[in-house]
Amino acid sequence: MKKKAAAALILILSVMLVIAGCGNSGNSNNTGNKSKDNEAKKETTEAVSGASEASYTPYDQLKDKYDIIIVGAGGAGMSAALEAKAKGLNPVILEKMPVAGGNTTKSSSGMNASQTKFQKEQGIEDSNDLFYEETLKGGHDTNDKELLRFFVDNSASAIDWLDSIGIRLNNITITGGMKEKRTHRPEDGSAVGQYLVKGLVKNVQEQGIPLFVNADVKEITEKDGKVTGVKVLFNQADEKTITGSAVIVTTGGFGANKEMIAEVRPDLEGLVTTNQIGSTGDGIKMIEKLGGTTVDMDQIQVHPTVQQEKSYLIGEAVRGEGAILVSSEGKRFTNEMDTRDHVTAAINKLPEKAAILVFDSGVKSRVKAIEQYEKMGFVLTSDSIEGLAKEMNVPADQLQKTMDTWNSAVKNKKDAEFGRTTGMDNDLSGAPFYAIKIGPGIHYTMGGVKINTNTEVLNKEGQPITGLFAAGEVVGGLHGQNRIGGNSVAEIIIFGRQAGIKSAEFVKAQ
């Protein structure tokens with residue numbers, strides 16, 4: 001009874017955490033750390049999973065053994081669980097945070113995929129080869145080519161799979177570094193993350209897959225070179241060892257671990273982060289202890305458009321639907337649809353190392369996420385350019401000149417100033433007008449553990465560690481030195497599914 005009472009108390013506290021805006025997912029060894037708690041208080045309340053606390057599996061239903069143990073309940077973990085279950089196996093998901101979702105919840109712009117049925121329906125001509133080439137170029141030709149080829153060739157089937165389980169992404173836009181529209185969003189143009197997490201949680205529940213929250217995996221166990229299970233701390237109180245025939249690590253990256261970032265990239269110290277507080281690299285550390293190797297750990301993406309006070313990502317879809325960036329002088333200074341590293345570098349060259357996104361009512365109608373930005377108090381607005389300039393504290397005559405020049409560029413389909421060629425379907429002439437002040441922030445860690453296309457974790461000799469799989473941001477190599485916007489959501493679904501399928505095949509062969 002005492003355990004049940006403690007579990008009930010933890011449940012109530014978890015609900016309070018969610019209401020306070022701390023309810024994000026991941027696997028971290030830093031719970032209880034005061035600095036992390038302070039960061040959690042900064043996070044704004046948001047609907048993280050669409051599921052109530054009570055919908056997660058009660059602690060008293062925990063078993064000692066499962067076929068497949070999945071560490072982390074973001075998009076990759078839940079996709080893996082659904083595929084493993086579809087293969088007739090018994091998976092379990094262990095999530096350290098009070099709710100499912102992780103960084104997936106914070107995803108905004110969409111999911112990239114090529115040669116999809118939705119592209120074809122809308123007359124968008126795209127190819128897997130073009131997707132491959134543009135992603136390779138975006139990563140400065142340093143991407144793992146085998147992973148990348150698998151990624152693009154399986155992107156359309158991932159969109160189909162999501163559609164088959166009630167998660168439809170048929171509203172298509174474009175992000176930086178791409179020539180074709182291939183960023184798939186929910187039908188109403190809203191942010192992809194919360195919609196995706198809500199749909200995956202619903203499917204996990206419908207399939208009867210146990211999903212335990214407040215389950216902090218501390219160690220992956222092994223015997224004679226084969227993974228045997230995990231050691232996990234439930235509700236920060238009860239230690240358990242759970243055995244399994246395979247373990248899939250989907251714990252995300254380390255974008256919220258200031259110590260790890262400072263170790264590999266001291267030049268980024270002090271930047272805000274868009275990552276939820278559970279993204280602390282625990283999965284990477286646990287895999288390294290088992291002899292797994294890492295790749296590209298110093299490759300950390302800084303996103304150019306982050307609202308600084310709340311460390312909140314302003315999604316790339318805003319620019320993809322036509323927004324421009326201006327300096328404190330009211331002037332454009334770069335091609336807004338260039339790759340993230342180039343746009344970030346352009347902002348950092350400005351004296352204030354910050355800029356302002358400017359857009360109109362048309363962009364707002366096409367990017368539903370802007371409604372959330374408004375609720376959070378980020379958006380400046382006026383019925384006129386002159387009024388907006390006053391709100392922005394920039395010269396009105398210069399901003400008007402910038403807008404006129406841009407609208408002419410859109411009309412003529414030629415940006416003579418900076419050579420922008422995408423996100424120019426509509427001009428910025430529809431009042432009211434809007435602006436959001438932004439600056440760079442740590443957004444994504446391209447580095448992580450090394451896997452093959454079967455999602456098997458590799459050791460230093462390039463051989464698979466028996467029974468150990470990984471998918472999502474915990475993995476390195478796919479993106480090279482720079483990630484294209486929209487590719488992270490594609491990665492978690494494509495490789496999450498693959499991890500579920502291949503781990504199931506492994507277990508059945510035992």
Check ion pair R168-D163 (N to O, under 4.0 angstrom): yes
Close side-chain approach of M97 and I277, heavy atoms under 4.5 Å: yes
Y312 vs F378 side-chain heavy atoms within contact, under 4.5 Å: yes
D338 (side chain) donor-acceptor with G177 (main chain) under 3.5 angstrom: no
Main-chain N/O of N348 paired with K353 side-chain donor or acceptor, under 3.5 Å: yes
D341 and V302, any side-chain heavy atoms less than 4.5 Å apart: no
H184 vs T116, side-chain hydrogen bond (donor to acceptor under 3.5 Å, both in side chains): CA-CA, chis, key distance, verdict: CA-CA 10 Å; H184 294 64; T116 69; 2.9 Å; yes
Worked verdict on T421 versus K179 for side-chain contact (heavy atoms from CB on, under 4.5 Å): CA-CA 8 Å; T421 58; K179 293 188 178 74; 6.0 Å; no
Qualifying residue for side chain to side chain donor-acceptor pair (under 3.5 Å) with E473, from T445, T251, T104: T445
Side chains of N90 and D67, donor plus acceptor under 3.5 Å: no
Donor-acceptor contact present, side-chain T175 to main-chain G485, <3.5 Å: yes
Verdict with reasoning, D224 to K226, per salt bridge (charged side-chain N to carboxylate O under 4.0 Å, His left out): CA-CA 6 Å; D224 300 325; K226 182 183 182 301; over 6 Å; no
Least distance between heavy atoms, I68 atom then A84 atom: CD1-CB, 3.8 Å
K117 NZ: over 12 foreign heavy atoms closer than 6.0 Å: yes
Side-chain donor/acceptor of S365 to backbone N/O of G362, under 3.5 Å: yes
Parallel, tilted or perpendicular: rings of F131 and F151 (30°, 60°): tilted
S127 and D129: side chain donor to acceptor below 3.5 Å: no
Distance in Å, T173 OG1 paired with R185 CZ, rounded so as to fall on 0.5 Å steps: 4.5 Å
Heavy-atom side-chain contact between I248 and T250 under 4.5 Å: yes
V272 to S311 - nearest heavy-atom pair and separation: CB-OG, 3.5 Å
Stepwise side-chain contact (heavy atoms from CB on, under 4.5 Å) test for L211 and V213: CA-CA 7 Å; L211 196 173; V213 295; 3.9 Å; yes
Shortest non-hydrogen separation from I494 to N154 and the atoms involved: CG1-O, 3.8 Å
Verdict with reasoning, D144 to K450, per salt bridge (charged side-chain N to carboxylate O under 4.0 Å, His left out): CA-CA 10 Å; D144 182 310; K450 194 165 179 56; 3.5 Å; yes
Nearest heavy-atom neighbours spanning A504 and K87: CB-CB, 3.7 Å
S279 side-chain N/O to G252 backbone N/O, donor-acceptor pair under 3.5 Å: no
4.5 Å side-chain heavy-atom contact, E83 and S503: no
Minimum-distance pair of heavy atoms, taken over all atoms of A323 and L357: CB-CD2, 4.0 Å
N/O donor-acceptor pair under 3.5 Å between T305 side chain and I314 backbone: yes
Trace of the salt bridge (charged side-chain N to carboxylate O under 4.0 Å, His left out) decision for K502 with E505: CA-CA 5 Å; K502 291 300 177 181; E505 289 177 2; 3.3 Å; yes
Side chains of V457 and V249 in contact at under 4.5 Å (non-hydrogen atoms): no
Whether T273 side chain and G255 backbone form a donor-acceptor pair below 3.5 Å: yes
Any donor-acceptor N or O pair under 3.5 Å, side chains E146, N452: no
From CA spacing to verdict: salt bridge (charged side-chain N to carboxylate O under 4.0 Å, His left out), E336, R420: CA-CA 7 Å; E336 296 88 350; R420 176 168 165 175; 2.9 Å; yes
R182 side chain to Q119 side chain, donor-acceptor N/O pair below 3.5 angstrom: no
Spatial distance of atom CG (D126) from atom CE (M178) [nearest 0.5 Å]: 8.5 Å
Contact check, side chains of N171 and F118, non-hydrogen atoms, under 4.5 Å: no
Distance-only side-chain donor-acceptor flag, T274 / H303, under 3.5 Å: no
Expected output: side-chain Q308 to main-chain V306 donor-acceptor under 3.5 Å: yes
Those residues that, when tested against A191, pass side chain to side chain contact (heavy atoms under 4.5 Å, CB included) (two or more places apart): S108, A369
Straight-line distance of Q115 CD to K120 NZ, nearest 0.5 Å: 6.0 Å
Separation between OH of Y444 and CZ of R483, rounded to the nearest 0.5 Å: 5.5 Å
side-chain contact (heavy atoms from CB on, under 4.5 Å) between N143 and T135, intermediate numbers included: CA-CA 8 Å; N143 315 60; T135 302; 3.9 Å; yes
Verdict with reasoning, Q299 to H479, per side-chain hydrogen bond (donor to acceptor under 3.5 Å, both in side chains): CA-CA 9 Å; Q299 298 303 318; H479 307 291; over 6 Å; no
Heavy atoms of other groups near E187 CD, more than 12 under 6.0 Å: no
Nearest non-hydrogen partners of Y195 and G166, listed with the distance: OH-O, 3.9 Å
Distance-only donor-acceptor check, side chains N128 and S114, under 3.5 Å: yes
Atom pair CD (E321) and OG1 (T183), whose distance is rounded to the nearest 0.5 Å: 10.0 Å
Approximate separation, where rounding is to 0.5 Å, of I324 CD1 and M337 CE: 13.5 Å
Geometric class of the Y66/F212 ring pair [parallel <30°, tilted 30-60°, perpendicular >60°]: perpendicular
Neighbour count >12 (heavy atoms, 6.0 Å) for atom CD, E269: no
cation_pi(R149, Y132) dist<6.0 Å, angle<=45: yes
Steps toward side-chain contact (heavy atoms from CB on, under 4.5 Å) verdict (M111, L162): CA-CA 11 Å; M111 171 177 167; L162 287 172; 3.6 Å; yes
Pairwise side-chain contact, I493 with L196, heavy-atom cut-off 4.5 Å (strictly under): yes
